[in-house]
Amino acid sequence: MKETLARVFAVILLLGGGLSIGLAWRLGQEDVITLHARMPEAGGWTPADLTIAVNKPLHLRLTSDDVIHGFAIGQSDQPAVDVKPGEMTDYTVTFDKAGTYTFYCTRWCGANHWRMRGTITVTGETTEQQVTPPLYAQLGLDIDAARETQVIPVEKPSPQRGADLALVLPVYQTESYYRTHSPEQTWQDLRDDPELASYSNQQLWDAVAYIWQTNITPEALEKARQLYAQNCAACHGETGDGDGVFRGEQFQVQSEAGEMPSGHETVVPVDFTDPVRMLSAAPALLQGKIIRGGMGTGMPMWGVIFTEEQIWALVSYLYTFQFEEVP
Ligand code: HEC
Ligand SMILES: [Cu+2]
C-alpha cells in the first residue's frame, strides 16, 4: 500500500513538473510569431501583416510550406535569411522608429516572386520627420511621357576618352546637374556651348559619359551590380537587353486595386541597351520609375525595399548599358 501511494505521488510529481515546464515554455514563446512562406500563387506570406510596438523585439520563426524562400526587411541593414521547407529559422528585429515597413522574399521562387511582400506596422510615437519628396516629384517630371533620343552617338560613349575634356567642363559635373539632365540634354548643352564648338559630336558624347562616371564611385557601382543581378536581371536581362528568364512570362496589367493579374494586356521589361530610350532619360526619371514601379505593369515598386542611396546607385548602374565602363 505504502509503495503504491509513493508511486502515485511520483507520477503526480512528474505530471505536475511537466505541466509547469510546458507553461513556462508557452509563456516564453508567447510573442513568437510563426511566419509561413508560400509561393505568391499559393498565398505568399501568412500572416502578411504584422504589428509590433516601437523598441520591442519582434520574434519571428520562419518556415516554408513549399520551396526555399528568403526573408528580408526593406531599407534595413539586417541580412536576408533563407526560409526552408521543414525547418524553422529564427529572426529577431527591433525597430527604433514607428512607421510601416515592408518585408519581402529575396529568392526567385517563381514568376510572381517579387509580389511576395508583407508589411510590419510599428506602433508608437511618430517623431516629426520631414519627408522630402523624391527628385522627380520636386521637378514635376512626367515620368510616363514618351521619350525619344534625337541624336544617337555613333560609338558607345567612353568616359575614358571623355576625360580629355575634363578641364573645359566644370559646370556640368555637379551632382545636381547630373541627376536632373538626361544624357541627351547634357550633350545638347555641351553642343550649344560656344567654347566647345571645335569638338566633334562623338567627343561630346564621350564627355557626357565622363560626367556620368564622375558622379558614381566604383564601390557604389559594384553594390548596384549585385542588387541588379539579384533583383532586376530576371526581367531586364543580365546584359540589360530586357531578355531575362521571365521575359517569356506574360506581363499582365494589374487591376486598379493592385490585385493579381487578370487582364489581357502585356508590357515587356524595358531594354536598357536601347539608346533611343535610355539616353533621353534623366537619372531623376529613372529614380522615379524605380521608386514607383510601372503603374499596372510587371515593374515592381522598389521605393519601400531599397534606400535612397541604393536607388541612386542602381540608376547610375543602368547607364553602364549605354556607356563604356572603365576597367
Ligand atoms: C518582374 C519583372 C521586373 C523586375 C523584377 C524589374 N523590372 Fe523594371 N520594368 C519591368 C517592366 C515590365 C517595365 C516596363 C514598365 C513600364 O513601361 O511602365 C520596367 C521598367 C523599368 C524602368 C523604366 C525604364 C524606362 O525607360 O522608362 C526602370 C528604370 C526599371 N524598370 C528598373 C528596374 C530595376 C532597377 C529593377 C531591379 C531593382 C527592376 N526594374 C526590376 C519589369 C521588371
Ligand atoms: Cu519566395
Side-chain angles (χ1 to χ4, degrees), residues 35-45 62 64-72 74 80 82-85 103-118 136 141-149 182 223-237 240 242-254 261 265-307 310-322:
L35 187 56
H36 289 262
R38 263 176 244 134
M39 284 166 70
E41 303 77 32
W45 299 104
L62 308 163
S64 168
D65 297 342
D66 44 38
V67 298
I68 294 185
H69 298 274
F71 176 91
D82 280 345
V83 182
K84 296 178 185 160
F103 63 88
Y104 63 106
C105 178
T106 56
R107 279 193 175 250
W108 281 91
C109 51
N112 282 306
H113 150 79
W114 55 274
R115 292 178 191 275
M116 210 173 145
R117 294 181 179 184
Y136 80 92
L141 263 184
D142 174 8
I143 60 177
D144 296 310
R147 334 180 290 269
E148 199 178 316
T149 312
S182 70
K223 276 190 199 147
R225 188 188 311 282
Q226 289 164 19
L227 287 178
Y228 182 89
Q230 279 162 19
N231 300 283
C232 323
C235 289
H236 289 286
D243 211 5
V245 289
F246 286 112
R247 166 65 189 256
E249 297 290 330
Q250 299 286 295
F251 281 93
Q252 289 165 317
V253 170
Q254 263 174 279
E265 285 180 77
T266 61
V267 179
V268 293
V270 167
D271 173 2
F272 295 134
T273 63
D274 176 11
V276 177
R277 186 175 183 106
M278 296 309 288
L279 292 178
S280 51
L285 185 149
L286 298 177
Q287 181 216 26
K289 288 246 180 162
I290 297 171
I291 289 176
R292 189 207 64 184
M295 306 295 275
T297 71
M299 171 61 186
M301 84 189 233
W302 298 102
V304 291
I305 305 291
F306 299 128
T307 62
Q310 287 173 319
I311 293 178
W312 281 124
L314 275 166
V315 165
S316 293
Y317 179 73
L318 295 185
Y319 293 109
T320 60
F321 302 120
Q322 290 301 321

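The shown structure was predicted, so the numbers you read here are calculated from the model rather than taken from an experiment. Whatever order the structure lists them in is the order used to number ligands and atoms, beginning at 1.
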Query raised in the report: Is His113 close enough that one of its N/O/S atoms sits under 2.8 Å from the Cu ion (ligand 2)?
Result: no

**Report entry** Per-residue contact class, Pro300 against ligand 1 - non-hydrogen pairs under 4.0 Å
**Finding:** side chain

Requested in this report: Please determine if atom 8 (Fe) of ligand 1 has an N/O/S atom from Cys232 lying under 2.8 Å away.
Outcome: no

Query raised in the report: Should the proximity of Tyr228 to ligand 1, defined as any heavy atom under 4.0 Å, be assigned to the side chain, the backbone, both, or neither?
Result: neither

**Report entry** Atoms in ligand 1 with a heavy atom of Phe272 nearer than 4.0 Å
**Finding:** 28 (C), 30 (C), 31 (N), 32 (C)

Requested in this report: Sequence neighbours left out, what pairs pass side-chain hydrogen bond (donor to acceptor under 3.5 Å, both in side chains) with at least one residue falling in residues 270-286?
Outcome: Thr149-Ser280, Asp271-Thr273

Report summary line: At under 4.0 Å between heavy atoms, what of Tyr317 touches ligand 1? The answer is neither

Report task. Give the single entry among Arg277, Met301, Gln287, Gln230 that approaches atom 27 (O) of ligand 1 most closely by any heavy atom. Result -> Arg277

Report summary line: Across all chains, not counting sequence neighbours, the ring-ring contact (aromatic ring centres under 6.0 Å, His included) partners of Phe306 are Trp302

Query raised in the report: What atoms of ligand 1 come within less than 4.0 Å of a heavy atom belonging to Trp108?
Result: 5 (C)

Query raised in the report: Where the Cu ion (ligand 2) is the corner point, what angle links SD of Met116 with SG of Cys109, to 10°?
Result: 100°

Report task. With heavy atoms of Trp302 as the reference, note each atom of ligand 1 found under 4.0 Å away. Result -> 36 (C), 37 (C), 38 (C), 39 (C), 41 (C)

Report task. Determine, using heavy atoms of Leu318 and all atoms of ligand 1, whether some pair is separated by less than 4.0 Å. Result -> yes

Query raised in the report: Which atoms from ligand 1 have a heavy atom of Ile290 less than 4.0 Å away?
Result: 29 (C), 32 (C), 35 (C)

Report summary line: Quick look: Met299 vs ligand 1, heavy-atom contacts under 4.0 Å, and the answer is both

**Report entry** Whether His236 side chain and Val270 backbone form a donor-acceptor pair below 3.5 Å
**Finding:** yes

Query raised in the report: Among Ala233, Pro283, Cys235, which residue places a heavy atom closest to atom 3 (C) of ligand 1?
Result: Cys235

Report task. Measuring from atom 8 (Fe) of ligand 1, name the closest N, O or S atom belonging to His236. Result -> NE2

Requested in this report: Taking all heavy atoms of Ile305 and all of Met301, pick out the closest pair and write down the distance.
Outcome: CG1-O, 4.4 Å

Requested in this report: Please confirm whether Arg147 comes within less than 3.5 Å of ligand 1 when only nitrogen or oxygen atoms on both sides are compared.
Outcome: yes

Query raised in the report: Phe306 heavy atoms, cut-off 4.0 Å: which ligand 1 atoms fall inside?
Result: 38 (C)

